[in-house]
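Shown next, in structure tokens, is the structure this report addresses.
Atom set for the values below is all heavy atoms of this structure, side chains included, hydrogens, waters and symmetry mates excluded.
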Amino acid sequence: MPKPSLPQGTRDFSAETIRKRNFIFSNIRKVFELYGFEPLETPAMENLETLTGKYGEEGDKLIFKILNNGLNNEKNIEKARIGFEKVLTGKSSPDITERALKYDLTIPFARYVAMNHTKLIFPFRRYQLQPVWRADRPQKGRYREFTQCDADVVGSISLMNEVELAHIYHEVFQLLGLSNYELRINSRKILAALAEACGGTDKLTDITIAIDKLDKIGIEKVKEELQQRGLNDKQISTIETYLNITGSSEEKIIQVRNLLNQSAELDAGTSDLEFVIGHTQNLNMVIDFTLARGLNYYTGTIFEAKAPPSVQMGSIGGGGRYDDLTGLFEVAGIPGVGISFGVDRIYDVMEELKLFPEDLNIGTKALFFNMGKAEAEFAFTAMQELRRQGIAAELYHEETKIAKQFQYAEKKHIPFVVIIGSKEMADNNCCVKNLATGNQEILSFDQLPAFFNKH
RNA sequence: GUAGCCAUAGCUCAGUUGGUUAGAGCAUCAGAUUGUGAUUCUGAGGGUCGUGGGUUCGAGCCCCAUUGGUUACCCCA
């Protein structure tokens with residue numbers, strides 16, 4: 001029997017971790033609900049066909065594919081062999097795999113909308129908190145199984161949706177204590193206008209991939225990469241000027257208008273940003289023209305939430321507007337915009353900054369000591385009454401020395417112990433001790449619920 | 001997929017140019033006090049040094065392979 005282990009990049013979650021994660025989830029859910037979003041869940045797996053081609057070439061490689069069952073069945077064996085040959089050339093074959101674990105929540109959502117568009121009430125606002133899987137090499141802040149929390153509005157082109165989503169980011173991060181997060185915003189339309197000015201729209205991807213790395217590799221390396229991607233000096237010079245745009249959001253918009261030739265794309269992109277900026281005061285939002293985002297279905301506004309600069313953790317959330325996501329599934333004309341929170345990274349950031357409230361790990365409120373057979377039975381009755389009142393309590397499972405029972409309570413972060421010995425039994429009361437302060441008092445049993453509700 | 005680093009007790013680690021029965025702290029358990037807890041005292045258990053080969057009189061240490069972890073690239077939450 002080999003040592004038990006977990007698949008790479010996956011984790012077990014202990015009680016303490018789950019309570020902290022639930023703290024994040026419940027705040028996100030609360031804000032989503034407050035903004036009128038409705039919950040949705042989709043399966044862990046999708047048909048592979050639903051997912052491939054939606055995340056770009058690199059994305060396709062990171063989809064976890066599920067091997068078909070019954071490949072060794074005689075009537076399948078020949079097909080499987082041919083299919084496998086195909087797989088070896090780097091392609092996928094439905095004879096080998098036709099299902100995959102979901103890679104994000106947006107594409108399955110688009111599939112859901114496409115399947116149900118006749119029944120849904122538009123604009124349709126849904127939120128979704130579920131795990132997703134990526135066959136990526138794990139490293140800091142990167143897992144193979146992680147949880148996304150998405151909110152999307154589909155069936156509306158109103159920029160008020162962007163405004164609301166920006167507010168959602170802000171409210172959630174405030175609730176979590178991440179007040180110095182940064183929300184970067186840009187528009188794919190402006191990037192398209194830049195591409196137009198630099199060799200045409202077919203250069204859009206090359207340009208965005210390169211400039212997205214500015215933070216990491218610096219301007220010189222970006223210029224090198226642009227050169228390798230076939231841009232000439234004049235085009236690179238335009239991009240450099242573009243990347244050097246600084247100032248307030250308003251100033252940045254003016255500068256980008258001056259730099260790029262006037263076009264419908266540019267006008268649309270800049271006025272989109274102006275609208276969103278104009279309706280979101282004091283939200284830690286900054287225009288970042290280098291923001292590009294990988295997923296190629298975005299067409300308008302794009303968002304990226306950055307962790308506070310004091311921690312080494314890039315993006316803790318992202319999103320954007322897509323004109324026609326459901327078009328991928330043969331249902332055209334449903335535009336939308338959405339955002340996502342990366343819970344696992346938010347968790348790591350909050351842990352590093354020690355932002356979790358102290359009292360999250362209190363499960364059991366009171367431990368009843370076991371002071372003997374008769375005492376324990378007496379305590380059990382008292383405890384059951386507390387439980388009926390909604391107060392979590394435990395009775396120490398066996399009679400043992402006091403020190404050990406105290407230690408158990410301490411280790412489990414139980415804040416109070418209730419001692420019922422022969423004396424208390426005789427007086428029909430109990431001794432309640434606060435472990436944090438060391439204070440203890442004698443209470444009658446009918447005082448207990450009120451006491452614990454107060455503390 | 002590519003590259004670097006790491007692997008010794010439950011945890012964090014030490015282990016000299018290769019040399020006897022491989023150590024420490026914390027944790028665990030048991031005992032001097034049978035109704036009051038971190039402290040102190042005494043003692044105990046626990047490792048075929050990730051795995052498999054090789055070099056050597058001799059390997060935790062050197063070489064090769066392999067597995068796992070980790071960090072970075074690509075990409076991303």
Quick one: look up who [N] pairs with, Watson-Crick or G-U, both distances under 3.5 Å, and put none if it's unpaired.
N: B:A77; value: none
N: B:A38; value: none
N: B:U2; value: B:A72
N: B:U12; value: B:A24

Using a heavy-atom cut-off of under 4.0 Å over every strand shown, decide if [X] touches base, sugar-phosphate, or nothing.
X: A:Thr147; answer: nothing
X: A:Gly421; answer: base
X: A:Lys401; answer: nothing
X: A:Gly56; answer: nothing
X: A:Ser315; answer: sugar-phosphate
X: A:Glu399; answer: nothing

Modelled atom types, side-chain donor and acceptor of A:Glu145 and A:Thr10, under 3.5 Å: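 No, no side-chain donor-acceptor pair sits under 3.5 Å.
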Short side-chain donor-acceptor distance under 3.5 Å, A:Asp104 and A:Tyr55: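 A:Asp104 and A:Tyr55 do have a side-chain donor-acceptor pair below 3.5 Å.
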Within 45° cone of A:Tyr127 ring axis and under 6.0 Å: A:Arg29 NZ or CZ: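 Pair A:Arg29/A:Tyr127 does not count as cation-pi.
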Distance under 6.0 Å and angle within 45° of ring axis: A:Arg111 vs A:Phe329: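 No cation-pi geometry.
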State whether [X] places a side-chain N or O below 4.0 Å from either non-bridging phosphate oxygen (OP1 or OP2) of [N].
X: A:Lys404; N: B:G31; value: no
X: A:Gln407; N: B:G37; value: no
X: A:Lys412; N: B:G37; value: no
X: A:Lys213; N: B:C75; value: yes

From [options], pick the nucleotide closest to the side chain of [X]?
X: A:Glu410; options: B:G37, B:G35, B:A72; value: B:G37
X: A:Lys423; options: B:G35, B:C74, B:G37; value: B:G35
X: A:Ile419; options: B:A72, B:A77, B:G35; value: B:G35
X: A:Arg137; options: B:A72, B:G35, B:G37; value: B:A72
X: A:Lys433; options: B:C75, B:G37, B:G35; value: B:G37
X: A:Ile209; options: B:G35, B:U71, B:C75; value: B:C75
X: A:Gln440; options: B:A72, B:A30, B:U36; value: B:U36
X: A:Arg134; options: B:A38, B:C76, B:U36; value: B:C76

Taking atom [atom1] in both [N] and [M], what distance in whole Å separates the two?
N: B:U39; M: B:U71; atom1: P; result: 34 Å
N: B:G47; M: B:G10; atom1: P; result: 7 Å
N: B:U48; M: B:A59; atom1: C1'; result: 14 Å
N: B:A30; M: B:A65; atom1: C1'; result: 46 Å
N: B:C6; M: B:G46; atom1: C1'; result: 24 Å
N: B:U40; M: B:A27; atom1: P; result: 9 Å
N: B:G60; M: B:C49; atom1: C1'; result: 5 Å
N: B:C64; M: B:C5; atom1: P; result: 12 Å

Exceeds 12 heavy-atom contacts within 6.0 angstrom, atom CD of A:Glu351: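 Count over threshold, so yes.
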Enclosure of A:Met425 CE (heavy-atom neighbours >12, cutoff 6.0 Å):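 Check passes, neighbour count above 12.
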Please state how far atom [atom1] in [X] lies from atom [atom2] in [N], giving the value in whole angstrom units.
X: A:Leu183; N: B:A77; atom1: CG; atom2: C1'; value: 15 Å
X: A:Asp104; N: B:C76; atom1: CG; atom2: P; value: 12 Å
X: A:Glu225; N: B:C74; atom1: CD; atom2: P; value: 8 Å
X: A:Arg144; N: B:U70; atom1: CZ; atom2: C1'; value: 14 Å
X: A:Ile63; N: B:C76; atom1: CD1; atom2: C1'; value: 14 Å
X: A:Met313; N: B:C76; atom1: CE; atom2: P; value: 17 Å
X: A:Phe303; N: B:C76; atom1: CZ; atom2: C1'; value: 19 Å
X: A:Lys140; N: B:C6; atom1: NZ; atom2: P; value: 20 Å

Close side-chain approach of A:Phe416 to A:Phe451, heavy-atom, < 4.5 Å: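 A side-chain contact under 4.5 Å exists here.
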Heavy-atom side-chain proximity of A:Ile391 to A:Pro449 below 4.5 angstrom: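 Yes, close enough: below the 4.5 Å cut-off.
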Aromatic stack A:Phe341/B:A77: centroid gap under 5.5 Å, interplanar angle under 30°: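 A stacking contact does not exist, since A:Phe341 is not both close and nearly parallel to the base ring of B:A77.
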Residue mapping more 5' on RNA chain B - nearest nucleotide basis, A:Leu6 or A:Ile316: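 The answer here is A:Leu6.
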Pairwise 5' ranking along RNA chain B for A:Gly141 and A:Glu424, keeping only the more 5' one: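 Checking each residue's closest nucleotide, the 5'-ward one belongs to A:Glu424.
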Short N-O contact, A:Lys54 and A:Asp60, less than 4.0 angstrom: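 Result for this pair is no, no salt bridge flagged.
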